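For reference, the structure is listed below as structure tokens.
These numbers come from a predicted model, not from an experiment.
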Amino acid sequence: YQSSFATGGSISGLGDIWQSQVAHYFSLNGRFVAHFLVQTFLCLLPQCIFAIANAGVYVAFLLLILSALRISLDNTKGVGAIALLAVLCFQTKFTPTCQIGYIWMFSLIVGFVLLFQRFAGHCSKWNLLWLIPFSFIAGWSQEALVIGVGAALVWWWLGHLKTMSLNQWAMMIFFGIGALALCLSPASIHRTGSETGSVDFLSSGAYSIV
């Protein structure tokens, strides 16, 4: 990721990263948002900046999980349990590609869900100016979560057709557009046809469906 996917050469600015990620989108996977940030930190910023930012995101990640579970910061046992589980369950390599691609994107998606549930139905329509791009970016983040969240949004929509606010409609639609951009990128489609790991118990057709 320290080299351009478009040219193979070095990266010196955001324009080079944009060009690199367009090529990445067609050749490797559809995670444009995550890997744009990855190349920005790797190629343009000092390592200490990533270390500080990553620590900040971990704090935000824990606070978002606590908020989603409605666990108060006064609940020391609950906070301790979540902190321990986060380290055990979400442990990845401490490199920008893995941290941004998973922890940062998971934080973004949990934030989207909380906004959709608790804020979008009660706020001014002027908030669409930032809710729409935020929802699109959240949808274009990490397929490990957006597919499940997308299915949950459809299920929620079926039961709340008459009560959804305009903001919730916009958030759901643009999250879906972002998720489609992620999951249906040419590189992602290509990856679904290639086997990774041992899947001897599945036929190639069954594996493609999975």
Side-chain angles (χ1 to χ4, degrees), residues 21 24-26 28-37 57 60-71 82 85-86 89-90 92 100-196 199 202-210:
Q21 285 307 307
H24 183 278
Y25 184 81
F26 285 93
L28 196 63
N29 65 53
R31 300 174 197 163
F32 187 99
V33 172
H35 290 124
F36 189 95
L37 289 173
V57 171
F61 182 55
L62 292 175
L63 291 174
L64 287 164
I65 293 174
L66 290 168
S67 179
L69 296 174
R70 292 177 169 84
I71 296 176
I82 293 302
L85 286 170
C89 299
F90 294 101
T92 60
I100 294 174
Y102 291 92
I103 301 299
W104 292 34
M105 296 299 104
F106 284 13
S107 300
L108 184 65
I109 294 166
V110 176
F112 167 84
V113 171
L114 291 173
L115 283 173
F116 184 86
Q117 289 180 330
R118 305 181 193 178
F119 176 74
H122 312 288
C123 66
S124 166
K125 293 179 178 60
W126 285 103
N127 285 284
L128 287 173
L129 294 174
W130 66 271
L131 284 173
I132 285 175
F134 175 80
S135 300
F136 177 72
I137 290 170
W140 201 359
S141 56
Q142 171 53 256
E143 69 274 10
L145 287 188
V146 299
I147 294 172
V149 171
L153 284 172
V154 171
W155 180 261
W156 192 91
W157 166 70
L158 291 172
H160 297 80
L161 279 171
K162 297 180 180 180
T163 59
M164 283 180 65
S165 69
L166 175 62
N167 291 339
Q168 287 174 322
W169 274 104
M171 287 184 73
M172 182 179 72
I173 289 169
F174 280 91
F175 182 90
I177 293 172
L180 289 174
L182 168 66
C183 297
L184 299 182
S185 77
S188 295
I189 293 297
H190 176 72
R191 288 180 70 168
T192 62
S194 61
E195 295 184 4
T196 55
V199 289
L202 289 177
S203 68
S204 59
Y207 183 75
S208 295
I209 292 172
V210 171

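Distance alone, capped at 3.5 Å, places no donor-acceptor pair between the Tyr25 side chain and the Pro186 backbone. Judged purely by atom type and a 3.5 angstrom limit, Ser67 has no side-chain atom pairing as donor or acceptor with the backbone of Leu64. A donor-acceptor pair is defined here as one N or O able to donate and one able to accept, closer than 3.5 Å; no such pair exists between the side chain of Gln117 and the backbone of Leu114. Checking side-chain atoms of Ser135 against main-chain N and O of Met172 turns up no donor-acceptor pair under 3.5 Å. Not a single donor-acceptor pair under 3.5 Å links the side chain of Ser188 to the backbone N or O of Leu184.
Considering CZ of Phe112 and CG of Leu145, their distance stands at 12.5 Å, rounded to 0.5 Å. Going from atom CG of Leu85 over to atom CG of Leu62 covers 10.5 Å, rounded to the nearest 0.5 Å. The distance from atom CG of Leu182 to atom CG of Asn29, rounded to the nearest 0.5 Å, is 8.0 Å. To the nearest 0.5 Å, the span separating CH2 on Trp157 from CD on Gln168 amounts to 14.0 Å. Note: Phe174 CZ to Leu128 CG = 9.0 Å, rounded to the nearest 0.5 Å. Separating the CH2 atom in Trp104 from the CD1 atom in Ile109 is a distance of 15.0 Å, to the nearest 0.5 Å.
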* To do: Show your working on side-chain contact (heavy atoms from CB on, under 4.5 Å) between Val146 and Ser141 and close with a plain yes or no.
  => CA-CA 8 Å; Val146 299; Ser141 56; 3.6 Å; yes
* Residues Leu108, Gln142; criterion side-chain contact (heavy atoms from CB on, under 4.5 Å); working and verdict -> CA-CA 10 Å; Leu108 184 65; Gln142 171 53 256; over 6 Å; no
* **Candidate pair Met105 and Leu37, rule side-chain contact (heavy atoms from CB on, under 4.5 Å), full reasoning** => CA-CA 11 Å; Met105 296 299 104; Leu37 289 173; 4.0 Å; yes
* Hey, mind stepping through Leu131 and Cys123 against side-chain contact (heavy atoms from CB on, under 4.5 Å) and telling me if it holds? -> CA-CA 11 Å; Leu131 284 173; Cys123 66; 4.2 Å; yes
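For the residue pair Arg31 and Ser185, no side-chain donor N or O sits within less than 3.5 Å of a side-chain acceptor on the partner.
Under the side-chain hydrogen bond (donor to acceptor under 3.5 Å, both in side chains) criterion, Trp130 pairs with Asn127, sequence neighbours left out. Residues that satisfy the side-chain hydrogen bond (donor to acceptor under 3.5 Å, both in side chains) test with Trp140, not counting sequence neighbours, are absent from this structure.
Note on ring orientation: taking the six-membered ring where Trp is involved, the planes of Phe61 and Phe90 are perpendicular (angle over 60°, cut-offs 30° and 60°). Ring orientation note: the planes of Tyr102 and Phe106 are nearly perpendicular, at an angle over 60° on the 30°/60° scale.
Nearest heavy-atom pair across His24 and Ala187 is O-CB, 4.2 Å. Taking both residues in full, the closest heavy atoms of Lys125 and Asn167 are given as CA-OD1, 3.8 Å, listed atom of the first, atom of the second, then distance. Listed here is the closest heavy atom pair of Val57 and Ser107: CG1-OG, 3.8 Å.
Residue-environment remark: CZ (Phe116) exceeds the threshold of 12 foreign heavy atoms within 6.0 Å. Surrounding CZ of Phe36 are more than 12 heavy atoms belonging to other residues, nucleotides or ligands, all under 6.0 Å away.
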